[in-house]
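Sequence lines set the chain letters: A, B, ... in the order given, protein chains first and strands last, and positions in each chain run from 1. As a basis for the values below, the full set of heavy atoms in this structure was taken, side chains included, without hydrogen atoms, waters or symmetry mates.
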Amino acid sequence: MKEVRVRYAPSPTGDPHIGNIRSAIFNWLFAKNKKGKFLVRIEDTDQARLVENGIQKQKDSLKWFGLDWDEIYIQSERLKIYSKYAQQLLEEGSAYRCFATQEELDKLREKQKKSGRITRYDSRYRNYDPKLSKERSKAEPYVIRFKSPQKGITKCLDNIRGEIKFNNKEMDDFIIIKSDGYPTYHFANVIDDYLMNISHVMRAEEWLPSFPKHVNIYNSLNWEMPIFVHLPMILAPDKTKLSKRHGATSVEEFKQAGYLNSAMFNFLVLLGWALDDKTEFFTVEELIKVFDINKISKSPAIFNKEKLDWFNGRYILNSKYDDFAKEINNYFKQFLDIKKYKAIQNYNINDISIMIKERCKTLNDAIMLTEFLYQKPKFKSKYEIQIMCDNPEQCQTILTSSIESLNDIQEFTIENIESILKSLMTKLKVKPKNLLGTLRIIITNQKISPPIFNCLYILGKKESIKRIQFAIDYL
RNA sequence: GGCCCCAUCGUCUAAUGGUUAGGACACCACCCUCUCAAGGUGGGAAUACGGAUUCGAAUUCCGUUGGGGUCACCA
């Protein structure tokens, strides 16, 4: 059996899209499963759409997911190769020069539209005299077009869909080399896949309509084709192509929103692939073992953010406290403003981890849950403080005796805080809501917070008492 | 509009001719509980429609409908 060699072929035209990364993951997993090679090929043949750091962004995203590559190529460095094969096709009569200008083509298209016909290049230079063509090429700009078959059908084999037939009369003579000398995707892609010995082409389903173009190039060059696998699309909840207007689409955005690479990896793999009817948590190692391209589904998958959140929450929940501590610290460092980050350094990050881990769906939740550490309470009215109590007197009593109780604690641990406050509740004959609820409000200034005992512990005895005193003074 | 692909709970999916059509997210109810989560228990929820083949169809075939993709000197 031939060595498995697969590739991820992004164009460096922006932030890596989550759908593309899913393709990369499938390719990578398949390569690892078959002990083959995973290549990255930067398809930068459109000079107009290049973006600054485009290549680096692609690399960074792959690295974030741990998708390491065995070889990397950049198409713009391979222009001579494409040109060579274009020349060959030219000489063999499988391609021809076209001197039609942009305006000319626009006019043609407009005319076709007006008369209700489909818009398509009319092959006007297909039978142009080769000698004349060569002569004009010395002085005039031109493109090279592929001579598509005009009769019959082109059969295309997709690994998950079977044979797909296209009527050749639908095909036009598409461009393979642009007037700036760069190849188009259709051409460079085929040439490179062949020269790089790619065994399986796993790419997005959007390529299906241009599949026959690629097949015809292989045929005219007499090249053996790789196995093609067209991956189902990832759609937005409105069932259209996932794009900016639906929210986050790039890896960077998800990272910033506080998602873990491991959770996203797991979630993304299950969009269009499943092992069986029950397994949903996989480590990368397990995935490498069980990944099977024959289990890739045909139908598109809708990107379900709730499920991603759930996955992320599970990954956080199942992580070790010190690992999670590192994650949030890292996240705070990157995405919290410096002042707040510095303020939070005053507290033990491991204690914070213990306090909030099971409450976080994303790392971003950690910001909200720890805000009280550096944001001193502010009250708008007495009522705000008294809201959890049955009456103002009770509130007063709770606050003053809480200070006494906390003061009595020798070792300020979560357990000690809990037991002393619980016995205080019994002594004062107040409900948990009265005492703990009130403390929650005056300590964190929020109705929702991590467990109050943990909050007090992290703040420390001094600061805790200070905040209670502050509330008493406000009454 | 032409061409192409697709069709199981709202969503991700399992079941490759025989299952009470399974699981997960989400939702609802109850339990637990210092709030919020987490956890536990239970619940509602799907084979788009119509034919054909077959003893038997979610599964095979045909059609209809619906959705998507694509029609550039972009990938």
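- Residues passing the salt bridge (Lys or Arg N to Asp or Glu O under 4.0 Å) test with A:K422, sequence neighbours excluded: A:E418.
- Here B:rA24 sits opposite B:rU11 as a Watson-Crick or G-U wobble pair (both hydrogen-bonding atom distances under 3.5 Å).
- A:L268 has its CG atom 12 Å from the P atom of B:rU13, to the nearest Å.
- Under 3.5 Å, the side chain of A:R161 and the base of B:rC5 form no donor-acceptor pair of N or O atoms.
- Rounded to whole Å, the distance from CZ on A:F281 to C1' on B:rC12 is 13 Å.
- Across all strands shown, B:rC36 forms no Watson-Crick or G-U wobble pair with both key distances under 3.5 Å.
- Residues A:D238 and A:H246 have side chains that bring a donor and an acceptor to within less than 3.5 angstrom of each other.
- Counted by atom type alone, A:N189 and A:R7 present one or more donor-acceptor pairs between their side chains at under 3.5 Å.
- Under the Watson-Crick and G-U wobble criteria, each requiring two contacts below 3.5 Å, nucleotide B:rC49 is paired to B:rG63.
- Taking the salt bridge (Lys or Arg N to Asp or Glu O under 4.0 Å) definition, one finds that A:K298 meets it with nothing, sequence neighbours left out.
- A salt bridge links A:R124 with A:E104: the distance from a Lys NZ or Arg NE/NH1/NH2 to an Asp or Glu carboxylate oxygen falls below 4.0 Å.
- With 3.5 Å as the limit, one finds a donor-acceptor pair spanning the side chains of A:Y82 and A:D192.
- Among the atoms of the strands shown, none is found under 4.0 Å from any heavy atom of A:Y182.
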Fill in the blank from the handout: Nucleotide by nucleotide, nucleotides 61-75 of chain B touches protein heavy atoms under 4.0 Å in the pattern (B base, S sugar-phosphate only, - none) ------SSBS-SBBB

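- At a threshold of 4.0 Å, the pair A:E463-A:K376 counts as salt-bridged, since one of the basic side-chain nitrogens sits closer than that to a carboxylate oxygen.
- Using a 4.0 Å cut-off between charged side-chain N and carboxylate O, A:D15 and A:K57 make a salt bridge.
- Comparing the same atom, P, in B:rG10 and in B:rA48 gives a spacing of 11 Å after rounding to whole Å.
- A gap of 9 Å separates the P atoms of B:rA26 and B:rG39, to the nearest Å.
- Ring to ring, A:Y142 and A:Y125 are not that close: their centroids are 6.0 angstrom or more apart.
- With respect to A:K295 and A:D292, no salt bridge is recorded, no charged nitrogen being found less than 4.0 Å from a carboxylate O.
- Here the C1' atom of nucleotide B:rA37 and the CG atom of A:L317 are 10 Å apart, to the nearest Å.
- Residue-level contact check: A:K433 touches neither bases nor backbone, having no heavy atom under 4.0 Å from any strand.
- A 6.0 Å sphere centred on CZ of A:F291 holds more than 12 heavy atoms belonging to other residues, nucleotides or ligands.
- Using a 4.0 Å cut-off between charged nitrogen and carboxylate oxygen, A:E140 and A:R136 count as a salt-bridge pair.
- RNA chain B lies under 4.0 Å from no heavy atom of any residue of residues 415-429 of chain A.
- Out of B:rC34, B:rU11, B:rA37, the shortest distance to the side chain of A:I302 is found at B:rU11.
- With rounding to whole Å, A:I296 atom CD1 is found 16 Å from B:rC5 atom C1'.
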What are the atom names and distances for every N/O pair under 3.5 Å that joins the protein to nucleotides 15-21 of chain B?
none

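- Backbone-only contact: A:G272 has heavy atoms under 4.0 Å from sugar-phosphate atoms and none from a base.
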Fill in the blank from the handout: Under a 4.0 Å heavy-atom criterion, the protein footprint on nucleotides 22-31 of chain B, written with B, S and -, is BSBS------

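- Checking B:rG2, B:rU13, B:rC34 against every side-chain atom of A:P451, the shortest atom distance belongs to B:rC34.
- Summarising the base pairing, B:rC71 is matched to B:rG1 through a Watson-Crick or G-U wobble pair whose two defining distances lie under 3.5 Å.
- Here the P atom of nucleotide B:rU35 and the CE atom of A:M368 are 16 Å apart, to the nearest Å.
- To the nearest angstrom, C1' of B:rA38 lies 13 Å from CG of A:D365.
- Between the NE2 atom of A:H214 and the C1' atom of B:rC4 there is a distance of 14 Å, rounded to whole Å.
- Heavy-atom distances to RNA chain B give each of A:L208 and A:I448 a nearest nucleotide, and the one nearer the 5′ end belongs to A:L208.
- Ranked by how close their nearest RNA chain B nucleotide is to the 5' end, A:L271 and A:K447 are led by A:L271.
- For A:K244, the NZ atom sits in a packed shell: over 12 heavy atoms of surrounding residues, nucleotides or ligands are nearer than 6.0 Å.
- Side-chain N/O atoms of A:Q375 and A:N445 include no donor and acceptor closer than 3.5 Å.
- Taking atom C1' on both nucleotides, B:rG42 is separated from B:rG51 by 42 Å, rounded to a whole Å.
- Remark: P of B:rC3 and CD of A:E170 are 6 Å apart, rounded to the nearest angstrom.
- Note on A:R126 versus A:D173: salt bridge recorded, some NZ/NE/NH1/NH2 to OD/OE distance being below 4.0 Å.
- Between A:E280 and A:K278 no salt bridge is recorded (no basic side-chain N to carboxylate O distance below 4.0 Å).
- If you check B:rU35, B:rC12, B:rG2 against the side chain of A:R359, the one that comes closest is B:rU35.
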